Asker: 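One structure is given below, represented as structure tokens, and several questions about it will come after.
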Protein chains: 2
Amino acid sequence: MRPTVHDIAAAAGVSLATVDRVLNQRPGVRHVTREKVETAIRELGYVRDVAAANLAKGRTYPLVFILPASDNSFMHGLNAEIRQAILRSPAERTDIRAIEVPAFDPAALVGVLEGLSREKPCGIAMVATDAPEVRAVVDRLVHAGFPIVTLVSDLTGSLRHHYAGVDNIAAGRTAARLLGRFLGPRKGKIAVLAGSMLVRDHRERLEGFTSVMAEEFPDLAILPVLEGRDDPEIAHMLVAKALGNADIVGVYSLGAGNRGLIRALKEKAVDRTLTVIAHELTAHTRAALIDNTIDAILNQNAGHEVRSAIRVLKAKADGLAVIEAQERIRLDIFLKDNLP
Amino acid sequence: MRPTVHDIAAAAGVSLATVDRVLNQRPGVRHVTREKVETAIRELGYVRDVAAANLAKGRTYPLVFILPASDNSFMHGLNAEIRQAILRSPAERTDIRAIEVPAFDPAALVGVLEGLSREKPCGIAMVATDAPEVRAVVDRLVHAGFPIVTLVSDLTGSLRHHYAGVDNIAAGRTAARLLGRFLGPRKGKIAVLAGSMLVRDHRERLEGFTSVMAEEFPDLAILPVLEGRDDPEIAHMLVAKALGNADIVGVYSLGAGNRGLIRALKEKAVDRTLTVIAHELTAHTRAALIDNTIDAILNQNAGHEVRSAIRVLKAKADGLAVIEAQERIRLDIFLKDNLP
DNA sequence: GTTTTTTTGATTTACGTACATCAAATTTGG
DNA sequence: CCAAATTTGATGTACGTAAATCAAAAAAAC
């Protein structure tokens, strides 16, 4: 049987109340006594029964998710996963609230974060907008004791406790290698469709993509990036125009708005053998993968990201360790054969 | 606040004891009364607080893992993950025992399973050996009320509750498409290295591989399968010999023993541009991927498989639902750019 | 209508921890 | 050495559920 507080009390030769004071860092314990108790804890290998503690405390974990108000499939999916998590709240003792902020608007995000420090959530998960002022509030909140994890898009250089999202540089590099290998000996130009170069994850994907392309596939030239603002209409327009260039042999779509990309490909490129790599598995990209319009899809699993963020925040709130390997968000690579 | 048993008792107009009798399926409740209680449970949306219940019961989950005594990196990794899970046991209220059985030996497996029905574990996870007699015991145990999940290798056609492993047909198909696409217009022969055609997962991978090859890459011919028995030495010998064939342009290694494969490739194929796809990320395959000896690695994450099996068994033991999407074991595809 | 059986209620203890209160013991300051 | 301050102990209640006991009520059987 695992030891209980009673065993610790007996082993340390003190009363239950004293053990409790040490465990919960309450005042009124002499230094030597505290040491005795801590020794007993270590020697018996005592670990607090979190379930029993939560029961006694009637504890719930009030968590806040902050998301950009973007109208694309991925963000809708992320939202849906958060709603699922809210449905599971009773069983998980969580109390989750989702807040939408205008996309790409550091000031708005800062405002929301500052408002949060008043209501006392025990954890914050946020899709970070990459700006110095955001970094500053995040660091302040972390110092104030709030567990914070970034979701989907990281805030490197800040003190956030954890990042629940894929390595976007690796994603871009992987896309480049897949595209390069799929094209084999063919020479030509590559069109890149992004959402916006103002977003960190898109910048990182592009960075990874161009570096592998330059290092390993010199016969493939990257055309100037098309910024589709994650909007299907704009994406369609840009891609349709770009496909006028007969030298294009491949396309890398690293953002959202793939509906427009797919439409453009079907209108303008049915007779050409283009190799296309896109991000994010949605109903549209899935169908396009199956009908060979797209050759591979890179994906991050929003459900895993949300569940991981929750696990990490709860663990941080309790001062517990997380299983690192479990919380690593993997880059999914889907060909038409391994679709879920 | 979520409703408690007290609320149910009040709402149904019965006593706490009666609610308890209904909840825990104890006898001595009239049919109509039971209905009243069940209605109240439904209307208030009561869900039993599993943490509190486990505390009261002093419940632990005795789980048994049955693994083949195979001496390869993957099984060692799986074993290590189970040991990790055992270390987490106190916090998770599990009591995990691992049993090794001779590999590919249905009779031995059946023996162990029958022994288990005497000691009463609340769940069994097993790497299944695919044989009718195994299916029969599994079905019998399931009927007797034991939750059973298969691990890594499934037992289709049996009544096992869940399979914690990858879709091996999809894995084989994916390998074929990667290989085919990487080779592009090249024609030639493909060598396939397997462990044994007696193992279901290897058979399935081969099945998926050959079907996509036949359908979509008719210029690539698959040579007779090399059975390396997951042994590095045998694998080395077989591959070294096979590489005498100058028509070989690609290799698919769908089992273990990749150490031997890699050695053979480095000795015999430095000057050739072979495309190689292998299964299972180990120290050896990882290094080979980085130095371009291998072009892609397909992997199943043993840690995820073990944790998933535990979650599913606990849920089944409690009669609770699992998050399906969370328990799907994904096929990892690693290029040198997205290694963890 | 009485007896027997079945069903229900009331109450208690327990699980491991948190938290509060009050008394007792110990240490510290003067 | 005494008073004040600090530290420790003893004890009780609570969290939501499980499980047991015994009494009371209701239903069924005679």
Side-chain angles (χ1 to χ4, degrees), chain A residues 1-41 44-61 89-93 95 122 317-320, chain B residues 1-41 44-61 89-93 95 122 317-320:
Chain A
M1 271 316 270
R2 60 193 284 203
T4 72
V5 275
H6 295 85
D7 302 321
I8 302 300
V14 300
S15 77
L16 222 66
T18 302
V19 174
D20 182 67
R21 288 179 185 117
V22 172
L23 278 176
N24 296 291
Q25 321 184 66
R26 271 186 268 278
V29 183
R30 234 183 340 158
H31 187 66
V32 280
T33 316
R34 166 160 279 130
E35 298 251 288
K36 267 199 302 187
V37 174
E38 278 165 355
T39 306
I41 289 177
L44 297 192
Y46 168 82
V47 271
R48 182 201 246 100
D49 183 329
V50 186
N54 284 345
L55 178 61
K57 276 192 284 206
R59 156 151 220 176
T60 56
Y61 299 82
S89 276
E92 299 179 347
R93 306 191 93 86
D95 176 15
C122 81
D318 289 334
L320 296 176
Chain B
M1 271 320 267
R2 59 193 286 201
T4 73
V5 274
H6 295 86
D7 302 321
I8 302 299
V14 301
S15 78
L16 221 71
T18 303
V19 174
D20 182 68
R21 288 178 186 118
V22 173
L23 277 176
N24 296 292
Q25 320 183 67
R26 272 183 267 277
V29 183
R30 233 181 340 156
H31 187 66
V32 281
T33 317
R34 168 160 277 132
E35 297 251 288
K36 268 199 301 186
V37 174
E38 277 164 355
T39 306
I41 288 176
L44 296 191
Y46 169 83
V47 273
R48 180 201 248 105
D49 183 329
V50 186
N54 284 346
L55 177 61
K57 276 193 281 208
R59 159 152 217 177
T60 55
Y61 299 82
S89 275
E92 299 180 346
R93 308 191 91 87
D95 177 14
C122 80
D318 289 334
L320 296 177

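Small disclaimer: the values here were computed from a predicted structure and weren't measured. Letters A, B, ... mirror the listed sequences (proteins, then strands); counts begin at 1.
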Asker: On DNA chain C, nearest-nucleotide positions of D49(A) versus R34(B): which is more 5'?
Answerer: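 The residue mapped nearer the 5' terminus is R34(B).
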
Asker: Nearest nucleotide by nearest heavy atom, which residue falls closer to the 5' end of DNA chain D, T18(A) or A56(A)?
Answerer: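 Nearest nucleotide further toward 5': that of T18(A).
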
Asker: Show the nearest heavy-atom pair for residues V47(A) and R2(A), with the distance to one decimal.
Answerer: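 Closest approach of V47(A) to R2(A): O-NH2, 3.0 Å.
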
Asker: Under 4.0 angstrom, heavy atoms only, what part of the nucleic acid is V14(B) near: base, sugar-phosphate, or nothing?
Answerer: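 Here V14(B) touches the backbone only, sparing every base.
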
Asker: Out of dT17(C), dG9(C), dA19(D), which has the shortest distance to the side chain of A17(B)?
Answerer: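 For A17(B), the side-chain atoms sit closest to dG9(C).
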
Asker: Atom CZ of R59(A) to atom C1' of dG16(D): distance rounded to whole Å?
Answerer: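 My rounded result for the distance is 18 Å.
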
Asker: Less than 4.5 Å apart, any side-chain heavy atom of N24(A) and any of R48(A)?
Answerer: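 Touching, per the 4.5 Å side-chain cut-off.
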
Asker: Is a donor on one side and an acceptor on the other found under 3.5 Å between the side chain of N54(A) and the backbone of A51(A)?
Answerer: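 Absent.
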
Asker: Check the distance between dT17(D)'s P and N54(A)'s CG and give it to me in whole angstrom.
Answerer: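 One finds 15 Å between P of dT17(D) and CG of N54(A), rounded.
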
Asker: Rounded to whole Å, how long is the line connecting atom CD1 of I8(A) with atom C1' of dT17(C)?
Answerer: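 So the CD1-C1' distance, I8(A) to dT17(C), works out to 13 Å.
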
Asker: Rounded to the nearest 0.5 Å, what separation is found between the CG atom of L16(B) and the CG atom of L23(B)?
Answerer: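 Here the interatomic distance stands at 9.5 Å.
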
Asker: When the distance from NZ of K36(B) to C1' of dG9(C) is rounded to whole Å, what number comes out?
Answerer: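 So the NZ-C1' distance, K36(B) to dG9(C), works out to 12 Å.
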
Asker: Starting at CG of L16(B) and ending at P of dA19(D), how long is that distance when rounded to a whole Å?
Answerer: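 Value for this atom pair: 14 Å.
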
Asker: Would a distance-only check, ignoring hydrogens and angles, find a side-chain to backbone donor-acceptor pair under 3.5 Å from R93(B) to R59(B)?
Answerer: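 Looks like yes, one N/O pair under 3.5 Å.
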
Asker: Compare the minimum distances between each of dG9(D), dT17(C), dG16(D) and the side chain of L55(B), then state the nucleotide with the smallest one.
Answerer: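 Taking heavy atoms from C-beta onward, the closest nucleotide is dG16(D).
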
Asker: Identify whether any heavy atom of A53(A) sits under 4.0 Å from a base atom; if not, whether one sits that close to sugar-phosphate; answer base, sugar-phosphate or nothing.
Answerer: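 The answer is sugar-phosphate, as A53(A) gets under 4.0 Å only of primed atoms, P, OP1 or OP2.
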
Asker: Between dG9(D) and S15(A), is there an OP1 or OP2 to side-chain N/O distance shorter than 4.0 Å?
Answerer: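 Checking dG9(D) against S15(A), a side-chain N or O does come within under 4.0 Å of OP1 or OP2.
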
Asker: Mind listing the residues from residues 20-31 of chain B sitting with a heavy atom below 4.0 Å of DNA chain C? Number order is fine.
Answerer: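 Heavy-atom cutoff 4.0 Å gives R21(B), G28(B), V29(B), R30(B).
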
Asker: Rounding to a whole Å, what distance do you find between K57(B):NZ and dG16(C):P?
Answerer: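 K57(B) atom NZ is separated from dG16(C) atom P by 15 Å.
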
Asker: Would you say R21(A)'s side chain and V29(A)'s backbone share a donor-acceptor pair under 3.5 angstrom?
Answerer: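 Not a single qualifying donor-acceptor pair exists.
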
Asker: Look up atom CD in Q25(B) and atom CG in D20(B), then write down how far apart they are to the nearest 0.5 Å.
Answerer: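 Result: 11.5 Å between the selected atoms.
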
Asker: In whole angstrom, what separates R48(A)'s CZ from dC15(C)'s C1'?
Answerer: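 Whole-Å distance recorded here is 17 Å.
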
